[in-house]
Amino acid sequence: MAKKVTIQGYEGSFHQVAARQFFGKNVEVVCCPNFREVIKGAQDATIADGAVMAIENSIAGSILPNYNLIQNSKLQVIGEVYLSISQNLMVNPGVK
């Protein structure tokens, strides 16, 4: 049976990529608008089995509020994923 985890953002987001990398391609994601809702959903067994959320960003550094959310929850960290992200900018050269 596939795991069901909460993520911040939408399907296709980097959080979903990280969830698939950790739990496998059959993981089911429950999309949440913010990290507080990620924690709330992960603590409710009727919503999800757990969560995948960012706690570090190589550009922005630590996401300190997320540490606080985890610390104040009943959740435990069970693993980590290092996700290399490369983004490209696409432009239409005909538009001025």
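The basis for the numbers below is simple: all heavy atoms, side chains too, and nothing from hydrogens, waters or symmetry mates. Numbers here simply count residues along the sequence, with the first being 1.
Gln43 places no side-chain N or O within 3.5 Å of a backbone atom of Ser73 that could act as its donor or acceptor partner.
Under the 4.5 Å side-chain heavy-atom criterion for ILVMFWY residues, a single connected hydrophobic cluster contains both Ile78 and Val5. Linking Ile, Leu, Val, Met, Phe, Trp and Tyr residues whenever their side-chain heavy atoms come within less than 4.5 Å leaves Tyr10 and Val17 in two separate clusters. Under the 4.5 Å side-chain contact rule for hydrophobic residues, Ile55 and Val38 share a cluster. In this structure, Val77 is a member of the same hydrophobic cluster as Leu69, with clusters built from ILVMFWY side-chain heavy atoms closer than 4.5 Å.
Scanning all heavy atoms of the two residues, the minimum distance from Arg20 to Lys25 falls at NE-O, 3.8 Å. The shortest heavy-atom contact between Pro33 and Gln8 is O-NE2, 3.6 Å. Residue Thr6 comes nearest to Ala51 through the heavy atom pair OG1-CB, 3.2 Å, listed as atom of the first residue, atom of the second, then distance. Of all heavy-atom pairs between Val30 and Ile47, the closest is CG2-O, 3.8 Å. Closest of all the heavy-atom pairs between Ala2 and Asp49 is O-OD2, 4.3 Å. Shown here for Phe14 and Leu83, the closest heavy-atom pair between the two residues is O-CD2, 3.4 Å.
Screening Leu75, Asn66, Ile7 for a side chain to side chain contact (heavy atoms under 4.5 Å, CB included) involving Met53 leaves a single residue, Asn66.
Listed by first and then second residue, the ring-ring contact (aromatic ring centres under 6.0 Å, His included) pairs involving residues 27-54 are His15-Phe35 (not counting sequence neighbours).
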